[in-house]
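Heads up: the structure comes next, in structure tokens.
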Amino acid sequence: MQIWPVIFALVLLSLVGFAVGQWRATVVLSRNEYLHSRPGHHGWYTALITFLPALVILIAVSFYLPHTIDAATLENLPHNEQPVDALSRQVALNEIQSLSQHSGILPSSPAMAEAAKNYEVRLRQATLWLAISVLGTAIIGLVVSSSQITTQFKARSIVEAIFMGGLSLSSVIAILITVGIVLSLLFESIRFFEKVPLLNFLGTSWSTQMAIRSDQVGSVGSFGALPLIYGTAFISLIAMLVAVPIGLMSAIYLTQYASLKMRRILKPVLEILAGVPTVVYGVFAVITIAPAIRAWGQSMGIDATSDSALAAGLVMGVMIIPFMSSMSDDALTAVPQSMRDGSLALGATPSETIRKVLLPAALPGIAGSFLLAISRAIGETMIVVMAAGQAANLTINPFKSVTTVTVQIVAALTGGDETFDSPRTLVAFALGLLLFIITLLLNIIALRVVKKYREAYD
Amino acid sequence: MNKQDVSAVKMTALNCNVYYNEKQAIKDVTIDIRADEVTAFIGPSGCGKSTFLRCLNRMNDTIAGCRVTGDIKLDGEDIYGKAMDVVQLRARVGMVFQKPNPFPKSIYENIAYGPRIHGLISNKTGLDEVVKNSLQKAGLWEEVKDRLNESGTALSGGQQQRLCIARAIAVNPEVILMDEPCSALDPIATAKIEELIEELRGRYAIVIVTHNMQQAARVSQKTAFFHLGSMVEYGATTDIFTNPRKERTKDYITGRYG
Ligand SMILES: Nc1ncnc2c1ncn2[C@@H]1O[C@H](COP(=O)(O)OP(=O)(O)O)[C@@H](O)[C@H]1O
Ligand SMILES: [Mg+2]
């Protein structure tokens with residue numbers, strides 16, 4: 001079906017509608033009387049009434065027609081070539097479609113060649129139908145709406161209502177998609193827990209390789225997620241140890257000590273740091289940091305692997321610095337200047353003022369940024385996939401490899417060509433749900449804290 | 001100069017100029033502030049009263065682009081000189097702001113803040129004593145003695161302002177600067193602050209900025225009238241209000257502008 005010319009024509013007609021509506025309102029009406037709506041509103045009204053119903057028809061028809069064309073084409077095949085199941089049906093359709101699109105292909109049977117020709121004809125007819133129905137609707141809309149224009153016609157109210165409807169529709173779509181994702185996470189997790197008992201999931205042994213083939217002995221495998229949660233927490237801890245002091249101190253410097261010019265340069269630079277794709281950090285971690293840390297660990301006689309919690313944690317910490325600093329910056333900036341003046345006027349030094357007045361006053365905001373930073377660290381995937389490793393170790397040696405929830409989600413879904421109902425794959429959803437719940441809780445707490453602190457000054 | 005001498009001049013400014021970047025906000029102001037009196041600065045908005053007040057405890061240092069020239073002395077000591085430490089200066093010259101600005105800490109901690117940072121008192125009983133004393137001097141003790149651990153920001157506006165005065169008193173200053181301390185308060189709270197100023201007079205040199213002329217007349221012994229960055233007239237409050245020497249002063253106090 002040739003859909004693009006139809007869309008083009010529809011847009012064109014809508015523009016015409018706008019011009020007609022505006023023109024009628026300006027020229028025909030406003031000479032004598034007060035208008036309820038301004039000409040622009042009438043223009044928009046006409047354009048929208050031209051466009052929207054036709055768009056609905058366009059969407060409906062372009063979903064519906066291909067199915068009927070396919071069905072009709074297949075029906076015309078001789079009895080002995082009728083497809084018997086979904087697969088052969090698809091094969092036949094594919095052949096018909098490629099025969100109709102490319103001239104050089106040899107048909108598998110004369111009936112097929114016939115069907116392809118048939119298909120082409122139907123397609124052309126369908127395009128015609130599409131154009132007639134869509135553009136017909138548009139023209140009817142244009143005529144009707146432009147003839148509705150009178151001095152008292154409430155085009156403005158209708159246009160406003162349509163815009164509001166469009167906006168609320170968008171937000172509803174966003175919410176529905178989110179809900180859908182959460183529900184699918186939930187249902188797939190339930191499927192997982194039907195196959196693997198919860199107790200297994202809460203165990204300390206993570207070894208999913210056993211579950212590749214369901215006829216093997218011990219096919220369930222062990223899905224103890226504790227080492228993953230531990231690894232996530234361990235790496236996040238290292239990351240926060242890097243990000244919190246540096247982020248907080250740079251926020252203090254930027255808000256309290258830096259000149260306006262300095263601030264104007266440094267703030268965007270920090271924000272650029274936030275814009276670096278995490279895969280770049282990952283590359284940096286693997287290529288530069290991990291080998292250096294390994295060499296360092298070995299030089300001290302510590303058992304060090306090439307992937308390490310330390311490498312991933314340090315780089316992740318750098319990634320989080322801008323979040324920490326920009327949110328702490330906001331929290332510190334929100335403390336009124338009068339607090340600072342009050343303290344300085346009592347003879348406090350700038351650093352006393354920061355430690356004893358500004359930081360305590362901004363503490364809830366800083367705590368909020370801390371929690372949001374942690375939830376970022378926990379959900380971070382790319383850096384740990386590249387630099388933390390796969391081994392589910394419960395170790396406190398930061399030079400050793402650990403693995404995280406996110407790493408194992410990736411591993412579960414990219415490990416091999418498995419079907420989507422083995423526990424080894426389904427565990428990804430259970431882990432995803434776990435991660436979702438943790439970060440959701442952290443975010444809720446963080447937002448509560450931040451909100452509470454806002455109220456303190458408003 | 002002798003601190004005990006009640007007639008002593010506490011602070012002097014000689015040919016003081018203040019610039020915000022290139023813009024001059026204070027032009028050649030010369031004034032003596034006496035230890036035993038309340039001095040009022042009056043004048044229309046934007047004439048530089050706050051700017052000049054902030055010179056007296058060097059709060060202008062905290063404003064980027066602000067430059068002060070001329071001599072300002074506290075007990076004969078140049079406060080912009082090398083020997084003067086700004087931290088000590090601000091302990092000796094306290095300040096109360098236009099909008100009450102208690103710290104978001106308990107009432108007790110608000111008062112204890114200054115003595116702690118200056119290391120004036122280290123033990124708990126001594127600190128309790130200072131807190132009580134300061135609150136008493138600020139006329140707030142009776143109202144808050146049972147809730148010293150509540151947040152200072154939970155008090156009413158007038159109470160907050162008296163808390164800020166108590167906070168300034170707690171570090172034992174010699175001079176207290178007040179920048180329109182009543183402009184955010186209702187008439188009853190304003191009256192309380194004015195009473196308080198009357199009580200504090202003599203113990204501290206007090207400088208108060210106000211654009212309420214009745215207030216200046218009620219609380220001060222000396223009045224300085226500022227206009228467009230210059231100090232137009234300075235003298236005994238009664239003279240300024242009953243018998244101004246300059247035409248501009250007369251225009252202002254009779255309400256012809258400002
Ligand atoms: N921080 C500042 N930066 C630049 N100009 C200022 C600043 N503060 C005050 N000024 C200017 O200095 C002049 C005097 O202001 P101010 O001392 O606040 O007057 P007043 O307290 O008498 O109303 C005004 O013109 C004002 O615009
Ligand atoms: Mg002022």
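Naming: A, B, ... by sequence-line order, numbering from 1 per chain. Note that this is a predicted model, so its numbers are computed, not measured. Values reported hereafter were calculated over all heavy atoms of this structure, with side chains retained and with hydrogens, waters and symmetry mates removed.
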Using side chain to side chain contact (heavy atoms under 4.5 Å, CB included), reason through B:Y113 and A:S343 one step at a time and then give a plain yes or no.
CA-CA 9 Å; B:Y113 181 76; A:S343 172; 2.6 Å; yes
Using non-hydrogen atoms only, which part of A:S259 is less than 4.5 Å away from chain B: side chain, backbone, both, or neither?
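Neither part.
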Looking only at non-hydrogen atoms, find the nearest pair between [X] and [Y] and report the distance.
| X | Y | answer |
| --- | --- | --- |
| B:P102 | A:M339 | O-CE, 3.1 Å |
| B:F97 | A:G342 | CE1-CA, 3.8 Å |
| A:V357 | B:K105 | CG2-CE, 4.4 Å |
| B:I117 | A:L346 | CD1-O, 4.2 Å |

Chain A contact via B:V93 - which portion, at a heavy-atom distance below 4.5 Å
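Only the backbone of B:V93 comes within 4.5 Å of chain A.
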Please look at B:P173 and chain A and tell me whether the side chain, the backbone, both or neither of the residue comes under 4.5 angstrom of a heavy atom of that chain.
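When you check distances to chain A, no heavy atom of B:P173 falls under 4.5 Å.
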So with a 6.0 Å cut-off around [atom1] of [X], is the heavy-atom count from everything else above 12?
| X | atom1 | result |
| --- | --- | --- |
| B:K99 | NZ | no |
| A:R263 | CZ | yes |
| A:I396 | CD1 | no |
| B:E22 | CD | no |

Verify side chain to side chain contact (heavy atoms under 4.5 Å, CB included) between B:F103 and A:L358, making sure each step is shown before the conclusion.
CA-CA 9 Å; B:F103 302 131; A:L358 299 182; over 6 Å; no
What residues of residues 231-240 of chain A sit under 4.5 Å from chain B when you count only heavy atoms?
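Checking residues 231-240 of chain A against chain B gives no residue, so none.
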Quick one: are B:Q98 and A:S338 in side-chain contact, heavy atoms under 4.5 Å?
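Heavy-atom side-chain distance check fails, nothing below 4.5 Å.
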For the atom pair CZ (B:R90) and OG1 (A:T349), what is the distance rounded to the nearest 0.5 Å?
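Those atoms lie 10.5 Å apart.
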Any residues in residues 52-61 of chain B near chain A, with a heavy-atom distance under 4.5 Å, and which are they?
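Heavy-atom contacts from residues 52-61 of chain B to chain A are B:N57, B:M59.
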